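Notes to accompany the following structure.
Remember, it's 1-based here, ligands and their atoms both numbered in the order they're listed. Count residues from 1 along the sequence. On a predicted model such as this, the values are computed, not experimentally measured, just so you know.
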Amino acid sequence: MQLSPLQSRLAASVIASCLLLVIYVVLLSPQFAFAIEFDPIFPDHDVHEPSYEQLDAVEISEVLDLAPPVYEPNFALFDRSIIGRAAGGAIEMTNNEMKKSNIAPGSTMTYVFQASSVNGKAARDRSEPLELRRSVNTSQSSVADVDVDVDGDGDEDDGTALRPELARRKESTKTLWISANTCLQPARRSSDRTAPDPPQLTLYVSTSPDNTTPGPEQKEDTQKAVVFTEGAVMFNTSIDKDVYLSISAPSVSDKDFDTSWQYNYELVASTDQYYFSFHGNNTDPGLIWVDSDASAALLQTNYLNNDSSQVITTPPYVMFAHNDDNIDIRGVRNSYCGLSSYAQIRNLADGSSGVMTIGLKNGGEQNLTRQEFYVSGLNVSSNYTAILARPPGKSLQTRQEDSSDIGGGIVFQPANFSTKPNGACTFIFNLTFCEQTQYAVPGNPQTFPNATALGNFYDDYVRSKWDNFDKVLQQTPCEAPSTARYSLARGCEDCKTAYKRWLCSVAIPRCEDFSTPDRRFLQMRNIGATFPNGTKVDQDILDKHGNSKAFLSSRNPIIDEVVKPGPYKEVLPCENLCYELVQSCPASMGFKCPRPNSKFSFETSYGQKRPHNSLSCNYPGSAHFIGGAGMLSPSWAGLVGVTGLLLITRL
Ligand SMILES: *[C@@H]1O[C@H](CO)[C@@H](O)[C@H](O)[C@H]1NC(C)=O
Ligand SMILES: *[C@@H]1O[C@H](CO)[C@@H](O)[C@H](O)[C@H]1NC(C)=O
Ligand SMILES: *[C@@H]1O[C@H](CO)[C@@H](O)[C@H](O)[C@H]1NC(C)=O
Ligand SMILES: *[C@@H]1O[C@H](CO)[C@@H](O)[C@H](O)[C@H]1NC(C)=O
Ligand SMILES: *[C@@H]1O[C@H](CO)[C@@H](O)[C@H](O)[C@H]1NC(C)=O
């Protein structure tokens with residue numbers, strides 16, 4: 001076939017064009033591939049065009065929101081790189097992400113929480129986004145890890161990732177829970193008690209587009225200002241619009257404070273709940289001072305579960321304690337982060353537990369669980385404040401499916417306790433037979449150098465008495481048919497329980513220092529002996545009581561013979577323990593209680609439980625309850641009217 005000159009020219013140019021195209025494709029084709037993998041490109045764009053329009057960013061985020069789950073990680077990337085720089089200087093916050101920062105006195109840090117970052121998700125089909133949420137969560141927690149871990153304190157790491165279930169469950173609410181904690185504050189130049197406290201940080205919140213940098217210099221009607229209370233702040237607002245928030249540090253005087261120290265805070269905005277809160281009354285497990293001696297104290301929570309089938313395996317709470325004479329803790333008493341920095345005695349996951357031992361203890365009629373804190377290394381005759389807290393991000397229950405209680409950290413109301421003077425009383429706990437006995441007992445560092453040895457001495461003594469009792473009980477017809485039994489209402493088990501409660505309370509006296517002011521339920525003991533410092537009891541006391549055996553010796557002579565404590569005061573056992581024993585055990589065993597009016601021995605043997613009195617007599621599990629009438633064992637109801645009781649029961 002012959003081509004015309006025109007045709008051959010066309011053919012030549014077609015071939016040349018094809019060649020060009022091939023060369024073009026060979027040289028430049030990777031660009032086409034880049035066009036869909038846009039994430040490596042956008043950070044570049046961002047650098048060149050910092051003034052990226054906010055509107056565009058929102059559109060992108062909404063488009064991606066509707067995209068299939070596989071695009072979600074890209075969304076998280078946009079979130080930080082593009083949207084994050086949108087609002088002129090304000091730092092972008094995302095849901096449940098912790099922002100931790102230093103801030104110099106007199107300056108302000110501004111953040112923005114964009115409504116679009118949560119509203120789009122709320123509108124999605126609820127059945128679809130489970131996997132989506134999980135991937136958002138992972139990326140958020142890794143972001144938070146980077147931001148948060150300034151002090152390397154491992155505790156906060158687990159705190160930042162809320163569970164996916166929780167996030168999904170509360171998604172439809174449109175409340176933003178803003179909370180912050182002061183971690184550090186300027187140091188005082190003087191540490192005496194009249195030195196002023198460092199002024200508190202302030203949180204400013206604006207939802208007005210006219211005020212995107214809330215702070216002290218903005219008009220009051222465009223923003224809300226909330227001053228921190230003892231280092232913590234909580235604020236909630238609806239999030240139909242973007243929320244602008246600032247943390248502002250006050251100026252502090254050079255005269256009173258070392259201004260080279262900055263403030264440091266943690267700030268979290270969440271659509272689930274407050275990440276940091278304080279004085280949560282509904283959830284307060286209560287903190288009870290059980291007892292102390294000159295250098296140690298035991299505190300416990302109320303019962304944490306409602307029945308013993310709810311097994312609690314890990315202690316859910318932490319406790320901080322601080323000597324009232326030391327003012328370092330002032331200004332951060334509601335701040336988990338601040339207490340972690342300033343409290344003298346604290347227990348943190350990083351292992352700096354100092355002198356605190358934490359444990360769970362089961363007890364009571366229903367075998368419920370309390371958390372206990374044993375603190376040692378305390379100063380004598382000192383007053384302390386103890387503050388119980390739940391770390392952010394920890395759950396109370398162990399069962400995984402119960403997510404209702406997960407997330408926010410809470411700092412609870414403080415409780416007070418004090419240590420005793422250096423005297424006869426030594427705190428014992430963790431006994432094996434009298435396992436409910438945990439209080440100070442008459443001791444002597446010369447004869448029993450440590451509390452464990454002293455506790456074993458008392459416990460072994462009680463066990464030997466118990467063995468005698470057990471032998472006697474085996475000879476009474478407990479398990480006989482009901483016609484032959486000593487009582488239709490009570491069996492041997494009741495008698496054993498009552499005897500053990502009574503024996504542990506009577507054979508192991510609860511000790512108060514001799515200097516404690518006189519009370520009806522406090523009985524002086526061993527007043528003839530010398531104090532550890534070599535002095536004697538005042539002569540007028542000896543003149544008055546020197547011929548009464550109840551005052552001159554311990555209730556249990558072996559204490560004077562073996563332990564040799566100095567003079568002390570005994571918190572008398574509750575009379576109910578005796579009535580219960582007499583009622584529960586066979587009459588043939590011969591237990592009798594002294595009559596309350598018989599001045600002769602009741603007054604020096606038993607105390608009476610008074611409602612709303614913090615500690616008016618001793619019983620297993622007694623403590624310095626405040627208004628704790630409800631803490632009494634229920635089995636005591638109806639036992640008060642027992643009659644016909646005479647002198648009892650010697651040991
Ligand atoms: C939310 O804020 C309002 C007023 O700002 C306040 O009355 C309310 O108690 C707050 N809710 C919670 C749960 O803190
Ligand atoms: C004990 O007292 C000393 C001296 O007053 C004080 O420095 C120290 O912080 C106190 N320790 C505790 C745990 O109270
Ligand atoms: C000795 O100890 C007792 C009891 O602790 C106390 O009341 C007394 O004041 C002390 N005496 C001296 C001289 O320290
Ligand atoms: C309690 O006693 C047991 C042994 O009887 C011991 O293993 C445990 O460490 C003790 N607990 C405390 C807090 O002293
Ligand atoms: C307590 O004292 C006993 C001797 O009385 C001793 O064997 C034991 O090791 C001591 N325990 C501690 C913890 O010091």
Side-chain angles (χ1 to χ4, degrees), residues 113 170 173-181 187-188 190-193 195 202-208 214 220-229 232-241 243-245 267-284 289 292-299 319-330 333-334 339-348 352-357 373-387 392 404-405 407-412 414-422 427:
F113 191 98
K170 293 196 174 166
T173 62
K174 291 201 182 168
T175 302
L176 189 64
W177 308 93
I178 301 165
S179 56
N181 269 189
R188 295 170 182 80
S190 150
S191 64
D192 77 59
R193 295 178 63 90
T202 306
L203 170 75
Y204 291 91
V205 182
S206 155
T207 50
S208 153
E220 268 172 42
D221 56 349
T222 62
Q223 62 186 18
K224 276 259 169 12
V226 196
V227 179
F228 285 40
T229 308
V233 75
M234 297 187 277
F235 185 81
N236 67 75
T237 181
S238 77
I239 122 152
D240 34 18
K241 285 185 269 178
V243 179
Y244 299 92
L245 47 155
L267 170 68
V268 177
S270 169
T271 54
D272 305 319
Q273 59 179 312
Y274 288 123
Y275 190 80
F276 301 112
S277 61
F278 56 93
H279 300 181
N281 286 332
N282 301 336
T283 51
D284 196 340
W289 167 33
S292 52
D293 59 20
S295 67
L298 184 79
L299 293 101
M319 191 185 84
F320 302 98
H322 199 81
N323 193 326
D324 289 352
D325 288 335
N326 184 306
I327 62 171
D328 288 350
I329 202 182
R330 285 205 210 153
R333 276 179 284 214
N334 293 335
L339 290 169
S340 310
S341 319
Y342 290 103
Q344 285 177 315
I345 294 151
R346 53 190 192 245
N347 182 286
L348 296 171
S352 65
S353 58
V355 284
M356 196 183 322
T357 310
F373 305 88
Y374 177 73
V375 189
S376 56
L378 302 174
N379 288 350
V380 297
S381 305
S382 300
N383 293 321
Y384 286 85
T385 298
I387 302 176
S404 60
D405 216 2
I410 308 176
V411 173
F412 297 102
N416 297 318
F417 68 95
S418 54
T419 50
K420 295 185 166 68
N422 253 328
F427 183 81

Is Phe235 near ligand 1, meaning one of its heavy atoms is under 4.0 Å from it?
no
List every atom of ligand 2 that sits less than 4.0 Å from any heavy atom of Tyr384, numbering the atoms from 1 in the order shown and giving each element.
12 (C), 13 (C), 14 (O)
Could you give the distance from CZ (Arg333) to CZ (Phe320), rounded to the nearest 0.5 Å?
14.5 Å
Check whether any side-chain N or O of Ser277 sits under 3.5 Å from a backbone N or O of Gly409 as a donor-acceptor pair, and report yes or no.
yes
Distance under 4.0 Å to a non-hydrogen atom of Asn236: what atoms of ligand 1 satisfy this?
1 (C), 2 (O), 3 (C), 8 (C), 10 (C), 11 (N), 12 (C), 14 (O)
Atom 12 (C) of ligand 1 touched by protein heavy atom at under 4.0 Å
yes
For the atom pair OG1 (Thr175) and CD1 (Ile239), what is the distance rounded to the nearest 0.5 Å?
9.0 Å
Ligand 2 and Gln344, any nitrogen or oxygen pair closer than 3.5 angstrom?
yes
Should you measure from each heavy atom of Asn379, which atoms of ligand 2 turn up under 4.0 Å away?
1 (C), 2 (O), 3 (C), 8 (C), 10 (C), 11 (N), 12 (C), 14 (O)
Atom 2 (O) of ligand 2 protein-contacted (non-hydrogen atom, under 4.0 angstrom)
yes
Can you confirm whether Arg346 sits close enough to Leu339 that some side-chain heavy atom of one is under 4.5 Å from a side-chain heavy atom of the other?
no
Would you call Val375 and Tyr384 a side-chain contact if the rule is heavy atoms closer than 4.5 Å?
no
Give the numbers and elements of all ligand 1 atoms closer than 4.0 Å to a heavy atom of Tyr274.
12 (C), 14 (O)
Any non-hydrogen protein atom below 4.0 Å of atom 9 (O) of ligand 1?
no
Apply the side chain to side chain contact (heavy atoms under 4.5 Å, CB included) test between Trp177 and each candidate in Thr237, Asn236, Asp272; give the one that qualifies.
Asn236
For residues Ser295 and Phe427, determine if any side-chain heavy atom of one lies less than 4.5 Å from a side-chain heavy atom of the other.
no
